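Chain letters run A, B, ... following the sequence lines, proteins first and then strands; every chain starts at 1. Quick caveat, the model's predicted, so the values are computed rather than measured.
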Amino acid sequence: MSGYQTGVLIILCFNIMAAYAVYLPLVAGQLNLGIAGFMAIGAYTAAYLTNEMGWSLVSAIPAGGLAAGGLALLVAVPILRTHGIYLALATFALGQVISAVFLNLEVVGAAAGYPVSTYASPLAVFSVTAAIVLFVVGLSQTRFTLYLTAIKNDRLVADLLGLKVWGLQVAAFTLGAAIAGIGGGLYAHHFSFIEAQHFSVQLSIYTVLYVLLGGTQTVWGPLVGALFFSLVPELLRAGEAWRYVIFAALIVAFMAVRPQGLVTSTALRGIGRLFGRKPAAPGAQP
Amino acid sequence: MIAQQLINGVMLGSIYVLVGVSFTLAIGILNFLNFSIPGLFMIGGMVSWVLLTQGWHWAAAIGAALAAAALVSLAVEQLSYRRTRGADPEVPLVSSLGFLVLLENLVLVGVGSDQQTFPSLLGDFNFRIGGLVIGAAQAISLVLTFALVVGLSFVLGRTNLGRQIRAIAESRSTAVLLGVDVGRLVPKIFVLTALFTALGGVMFALSYLQVSPFMGEGVGFKGVAAMIIGGMGSVWGAVIGGLIIGLIEVGSIWAFGADTVNIAVYGSLLLLLILRPHGLFGKPAIREKL
Amino acid sequence: MSAKAPLLALDNVSKSFGGLRVIRELSFSVARGQTVGLIGPNGAGKTTAFNMVSGVFRPDDGTVSFDGRDITNMASRRRIGLGIARSFQNVRLMQHLTVWENLLVGQHVRASGLLNLLTPFRLIPNHRWRREVVAALDEMGLGGYADATVSELPYGIRKRIDLVRATLAGASLLMLDEPAAGLNPVETQALTAHLEALKARGITLLIVEHDMHFVDKICDHVVVLNFGSKIAEGPLSVVQHDAVVRTAYLGAEQAA
C-alpha cells in the first residue's frame, strides 16, 4: 500500500468514527452539531495523558473516550430535557465553547497547538475503527437501537409503551460522544499534533452532512456517507473548494429528492432478497 | 470608557439584531431553523463588494446584492423547505446547512478565501459626543436596524399581510382554512428574511470595512444565539437578544481579550439553553396531544 | 386487595384545557374481567379520560386508581408495567419500522433489563421474542405482514396491528380507542372474535367506540359521557332508552 493510499484510508477511518459518533444519537432523533468538541476533548485528554502523565496509548485513548463521554453525560442530563431544535443548538454552542476553551488553555499549548510525542500507527487506527464499526453494527441488532428508532418515530408512544425515553437518549448521546473522543485521541496520536482550530464548527457540520447523505435508517448509511465524503473527492481530483461545492450541492439535492439518504432499510431488504437470504418470517409477502 | 464599550456593544449588537430577527421569523412562522441565513448575510456583503470593485454605483451594487440574496432564499424555500415537509425534522435544517456550505464554497471558488477590504463609502466620518466616538456607518446601521424592526413589527401587527403571517405561525392548517394562500405567502416570508439578513451583511461590510466568504458564520451563528436568548419566534426578543450578545462580546474582549469571545457568547447561550430553554421572553412548549 | 375492588377507578376527576372544562367530576370504575364501553358524542371527553388513565395528562382534580393503587400522578411510562396498555384512535404505530419491530417494542415491559436491551437477538435465528411476535400475528391471521414497513400497509391492517401491539405488553387492562372505526364488516367481525378471545383470557377491556352494534356485542356495561360529565351508566340495552342519553345523541346528531 502506498503512502498516499494509507493516507486516504486513515482519513476515511477518522471520518467513519466521527460518522458513528453523530449517527448513534441521531437514530433517536437527536442532532449533535458539536461533535468536533467531543473529538477535541478526547484528543486533548489522551494527548495530555501520554505527554505529561506518561500513560500508554492503550489506556490514554480509552480515557479520552471516557472524558468525552463523561462530559456528554454531564451536559446531557440538563440539555436532553429539552429536545429537537434546542438540543441541536445546545450541542452547537457546546462545540464552540470547547474549541474556544482549548484555544485559551496554556497547559495544552493554547493557540500555538499541542505536539504529541507518542505515535499511533496506521494499523492502530484501522483496528480501532474496525472495532467501533463492529460495535455499532452489533448494537444495531439489539433492542437498544430498535428503541432509539422507536423514540425518533413517536416519542410519546414510546414512553407509553414503557421505554425510558430520556435514559435511552442520554445513553445514545453519551456513547456517540465517547466514540468521538476515542477518534479524537487517535487523531492526536496519529498526526502527532493538534490545534483547537481543527475541531471547528465546520468539522461538526460536515460530519452531520455526510451522515445524512449516507442515511440514518440503517447502520450502513454513515459508513457509506463517510466513504463517499472521503473517497469521491480523491477520485474527482478537483480543487478543494470545488469538492465542497459538489458535496454541498449533492446534500441539498438529496435532502430535496431522497431525504432518507443513499442507504435505506427498504433497499437493504431488497438486496438481502437478491442474495437469496430467506425473508425473516416464513411466508412473508409484504 | 465603559460608556464607549456600551456604545460599541450596541453598534455590534445591531448587526446581530437583523440576523437574529431573520432566524426568529423563520423559526416562529415556519418552524424552520434556517442555517442558510449566514450564507445570505455573506451574499449581501460579498456581492456588493464584487459589484463595487467592478465600478457599480453604490446604490445599484447594494440593490443587486439584496436581489441576489432574495433569489437564493427562494431557492432555499423550494429545495430546503417546501420539498422536505413531512420528512424527518432534522432534514430541512441539514439541507439549509448544505446551502450554507454551498454558498460559501461557491464564493470561495469565485473570489478566493482572502479577507477583502470593503471600500469606505462614508469616508472616515465619526460623530464625537463628549469624548465618545461613534462611527457614521455604525450609527446609520443602528438607526436603520431599528427603523426596519419597527417597520416589521408594524407589518406583522397591523397589516393584512401580518395577519396572514401570524395565522400561519399559529397553525398552518388553520391558516389554510381561513383562506390564507400559504403557497404564495411562504416565499414572501423567505424574501423578507433574505432582505433583512443581506442588509445586515451590507451594513456589516460598511461598518467594519471587510468581507470574506466565511463572514456569515461568526455573525450568523451569533444571530442564532440572539434568537434563542430572546425566545424563538419573538421579534423584539431577538432585538434584545442581539444587543445582549453584542454587549457580551464587547465586554469579554475588553475584560479578557479577543480569544475569549466564543467562550463568553456560546457559554452564556449554553447556560441559557440549560436553565431556560425557551429564552428570556418565549413560552415553554406544552406536551403533545394525542 | 379484596376481590371486589375494581381494577380501574376514576374518582371525581376533572380536567381543563385553557379554561375549557373537558372532564367534569367524572367517576366510574371497571371491575376485573369486565368489558366496559365508554360512549358519547364527539368531544364528550372520552379520549381525554383515556389519556388521564394512561398518564398523557394529569387530572386537575380527583384521583385515578388501578388495582387499588393511586396512580393519579404516576409517570406515564410506568403505567404499562402495572398492566395498563392502550391502542390509539389514529393508530400510532411507528411508521418507519416494520410490523415485527413495532411488536418488539410492544413487548418491552416484559423484556426489560440490561441483558435484554443489549442482546443482539436479531442475529439469533428464531429467537423467542421473534417467535412470540410471529405467533401473535398468526393468531390474528396477519402472519404475512411481519416484515412489512408500517407506512406501506392499509389502514385496516395497521389498526389490527396496533391492537396486537397493545396485547403484547401482557397487560390486565386494555384500553382501545375506537378499535372498529374505519374497518369494513369483515374486519369488524375478525376484531370481535379477537376481543372475545381476549375476554376469555380474563383481560379487562375499556373501549371507546361509536359503532353501537359493536358495543352491544362486546360490552357488558357502558358509561355515557356528554360535555365531560357522566350522564348515564349501565347495560347498553337499558341506557339506550334513557331520555338524557337520547337527547345528548340526537341533539348532537350522533345517533348510531
A/W220 atom CH2: more than 12 heavy-atom contacts under 6.0 Å = no
Would you find more than 12 non-hydrogen atoms of other residues, nucleotides or ligands less than 6.0 Å from C/R78 atom CZ?
->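 Not buried by this count: 12 neighbours or fewer within 6.0 Å.
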Residues from residues 171-181 of chain A approaching chain C under 4.5 Å (heavy atoms) =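 From residues 171-181 of chain A, none sit under 4.5 Å of chain C.
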Using the side chain to side chain contact (heavy atoms under 4.5 Å, CB included) criterion, which residues pair with [X]? Sequence neighbours excluded.
{"X": "A/A28", "result": "A/Q30, A/L148, A/Q169"}
{"X": "C/N184", "result": "C/V186, C/E187"}
{"X": "A/Q141", "result": "C/P120, C/R122, C/L123"}

Taking all non-hydrogen atoms of both residues into account, name the closest pair between C/F121 and A/T142 and its distance.
->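 In this case the closest contact between C/F121 and A/T142 is CE2-C, 3.9 Å.
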Shortest non-hydrogen separation from C/H108 to A/L161 and the atoms involved | CD2-O, 3.9 Å
Are the side chain of A/R143 and the backbone N or O of C/L104 linked by a donor-acceptor pair below 3.5 Å?
-> yes
Please flag which part of [X] lies under 4.5 Å from any non-hydrogen atom of chain C: side chain, backbone, both or neither.
{"X": "A/F144", "value": "both"}
{"X": "A/T145", "value": "neither"}
{"X": "A/K164", "value": "both"}

Carboxylate-amine/guanidinium proximity below 4.0 Å for A/D154 and C/R92 =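 Salt bridge flag = yes for C/R92 with A/D154.
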Can you check whether [X] reaches [Y] side chain to side chain, under 4.5 Å on heavy atoms?
{"X": "C/I80", "Y": "A/L160", "result": "no"}
{"X": "C/V56", "Y": "A/L156", "result": "yes"}
{"X": "A/T149", "Y": "C/M94", "result": "no"}

Walk me through it: do C/R77 and A/V165 pass the test side chain to side chain contact (heavy atoms under 4.5 Å, CB included)?
-> CA-CA 9 Å; C/R77 171 174 70 74; A/V165 172; 6.0 Å; no
Starting at CG of C/L117, measure out to CG of A/L168 and round the result to the nearest 0.5 Å.
-> 6.5 Å
Taking every heavy-atom pair that is under 4.5 Å apart, which of [options] has the most such pairs with chain A?
{"options": "C/Q107, C/Q95, C/R79, C/H96", "answer": "C/H96"}
{"options": "C/L97, C/L137, C/V133, C/N126", "answer": "C/L97"}
{"options": "C/A111, C/A85, C/A169, C/G81", "answer": "C/A111"}

Can you say whether C/S112 sits under 4.5 Å from chain A via the side chain, the backbone, both, or neither, judging by heavy atoms?
->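 Neither part, no heavy atoms under 4.5 Å.
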Could you walk me through whether C/R165 and A/V157 pass the side chain to side chain contact (heavy atoms under 4.5 Å, CB included) test, one step at a time?
-> CA-CA 11 Å; C/R165 185 176 68 179; A/V157 171; 3.4 Å; yes
